[in-house]
Amino acid sequence: MKHWYIDVRQQSLKGYILLSLCLLFLLEGVVNVLLTTPLWVVNTRLKLQGAKFRNEDIVPTNYKGIIDAFHQIIRDEGILALWNGTFPSLLLVFNPAIQFMFYEGLKRQLLKKRMKLSSLDVFIIGAISKAIATTVTYPMQTVQSILRFGRHRLNPENRTLGSLRNVLYLLHQRVKRFGIMGLYKGLEAKLLQTVLTAALMFLVYEKLTAATFTVMGLKNVRKR
């Protein structure tokens with residue numbers, strides 16, 4: 001009975017920690033999007049400047065540097081253009097929540113078959129959960145990059161590039177031109193970039209929570 005109570009208490013504490021982490025990631029993600037989107041817009045345009053595009057809808061740019069890019073964007077497109085891609089970026093904030101949801105689901109399924117997860121188990125389910133979350137949200141990342149570049153003539157009747165209407169329009173255009181796989185161009189590189197990092201993060205998370213529970217248990221023993 002005593003061990004059952006301790007197990008329930010630990011699971012409840014883990015659930016609380018996980019929920020707190022999800023909310024923290026969401027809040028941090030929203031603030032990060034709002035503060036850094038202008039920098040990402042300028043960064044994307046400078047990286048793609050001088051590139052040759054087969055798409056005639058794309059307007060070429062000529063920026064002399066970061067300051068000049070900010071100046072030209074504000075002058076020619078308005079200050080709100082610096083936040084192009086904000087809407088899909090805010091949707092992408094849910095990526096960690098999806099990742100944690102699948103991680104907990106997979107972990108619970110494994111714990112039904114064994115008493116304790118090994119480091120390899122944690123690493124693998126962490127990688128799988130991140131791969132699922134990235135695959136689900138990747139079309140939004142594709143649209144996000146298009147909106148950040150911004151220099152295109154698509155959907156001219158609606159200049160609010162971050163709106164839901166334009167997000168749906170760009171998704172439709174992407175599928176129409178390249179097929180459904182056009183939404184997932186570059187996914188392999190993104191998975192290589194994020195999956196290993198997430199797997200290691202979950203491994204560290206489990207080790208830290210296990211160490212915390214061990215210390216708490218020792219303290220309880222000492223108090224008695």
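All heavy atoms count here, side chains included; hydrogens, waters and symmetry mates do not. By convention here, the first residue in the shown sequence is residue 1.
Counting heavy atoms of neighbouring residues, nucleotides and ligands inside a 6.0 Å radius, atom CG of Leu208 exceeds 12 of them.
Gln72 places none of its side-chain heavy atoms less than 4.5 Å from the side chain of Glu77. Looking only at side-chain heavy atoms (C-beta outward), Thr44 and Val41 stay at 4.5 Å or farther from each other. In this structure, the side chains of Gln99 and Met201 come closer than 4.5 Å at one or more pairs of heavy atoms. Between Leu46 and Ile66, some side-chain heavy-atom pair lies under the 4.5 Å cut-off. Residues Lys185 and Arg174 are in side-chain contact: their nearest non-hydrogen atoms beyond the backbone lie under 4.5 Å apart. Side-chain contact between Asn95 and Lys130 is present, with at least one heavy-atom pair separated by less than 4.5 Å.
Each of Val167, Leu171, Leu170 was scored for a side chain to side chain contact (heavy atoms under 4.5 Å, CB included) with Pro88, with one residue passing: Val167.
Lys190 meets the side chain to side chain contact (heavy atoms under 4.5 Å, CB included) test with Thr134, Tyr138, Gln141, Gln193, Thr194; sequence neighbours excluded. A search for salt bridge (charged side-chain N to carboxylate O under 4.0 Å, His left out) contacts involving Arg114 returns Asp121, not counting sequence neighbours. In this view, Asn32 satisfies the side chain to side chain donor-acceptor pair (under 3.5 Å) rule with no residue, not counting sequence neighbours.
The two residues Ala127 and Val195 make their nearest non-hydrogen contact at CB-CG1, 3.4 Å. For the pair Ser89 and Val33, the tightest heavy-atom approach, listed with the atom from each and the gap, is CB-CG1, 3.6 Å. The shortest heavy-atom contact between Val42 and Ala69 is CG1-CB, 3.8 Å. Scanning all heavy atoms of the two residues, the minimum distance from Thr135 to Tyr184 falls at O-CE2, 3.2 Å. Here the closest non-hydrogen pair linking Gly126 and Ala198 is O-CB, 4.4 Å.
Using a distance-only test at 3.5 Å, with no hydrogens or angles considered, no donor-acceptor pair links the side chain of Asp76 to the main chain of Ile73. Using a distance-only test at 3.5 Å, with no hydrogens or angles considered, no donor-acceptor pair links the side chain of Thr37 to the main chain of Leu34. For Thr142 (side chain) and Leu183 (main-chain N/O), a donor-acceptor pair under 3.5 Å exists by modelled atom type.
The cluster map of Ile, Leu, Val, Met, Phe, Trp and Tyr, joined by side-chain heavy atoms under 4.5 Å apart, puts Leu111 and Tyr103 in the same cluster. By the criterion of side-chain heavy atoms lying less than 4.5 angstrom apart, applied directly or through intervening Ile, Leu, Val, Met, Phe, Trp or Tyr residues, Leu192 is not grouped with Ile132; the two fall into different hydrophobic clusters. Both Ile180 and Val143 are assigned to one and the same hydrophobic cluster, defined by single-linkage of ILVMFWY side chains at heavy-atom distances under 4.5 Å. Hydrophobic cluster membership is shared by Tyr63 and Trp83, with clusters built from Ile, Leu, Val, Met, Phe, Trp and Tyr side chains linked at under 4.5 angstrom. Under the 4.5 Å side-chain heavy-atom criterion for Ile, Leu, Val, Met, Phe, Trp and Tyr, Phe102 and Val122 are members of the same hydrophobic cluster.
Rounded to the nearest 0.5 angstrom, Thr137 OG1 and Gln144 CD are separated by 9.5 Å. Distance NZ/Lys107 to NZ/Lys112: 14.0 Å, rounded to 0.5 Å.
Ring centroid separation for the pair Phe100 and Phe94 does not come in under the 6.0 Å cut-off. Under the 6.0 Å cut-off for aromatic ring centres, Phe202 and Phe123 do not qualify, their centroids lying 6.0 Å or more apart.
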Practice prompt. Please step through side-chain contact (heavy atoms from CB on, under 4.5 Å) for the pair Leu110 and Leu117, ending with a clear verdict.
Written response: CA-CA 8 Å; Leu110 282 178; Leu117 297 183; 3.6 Å; yes

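Looking at Ser119 and Lys207, their side chains do bring a donor and an acceptor atom within 3.5 Å of each other.
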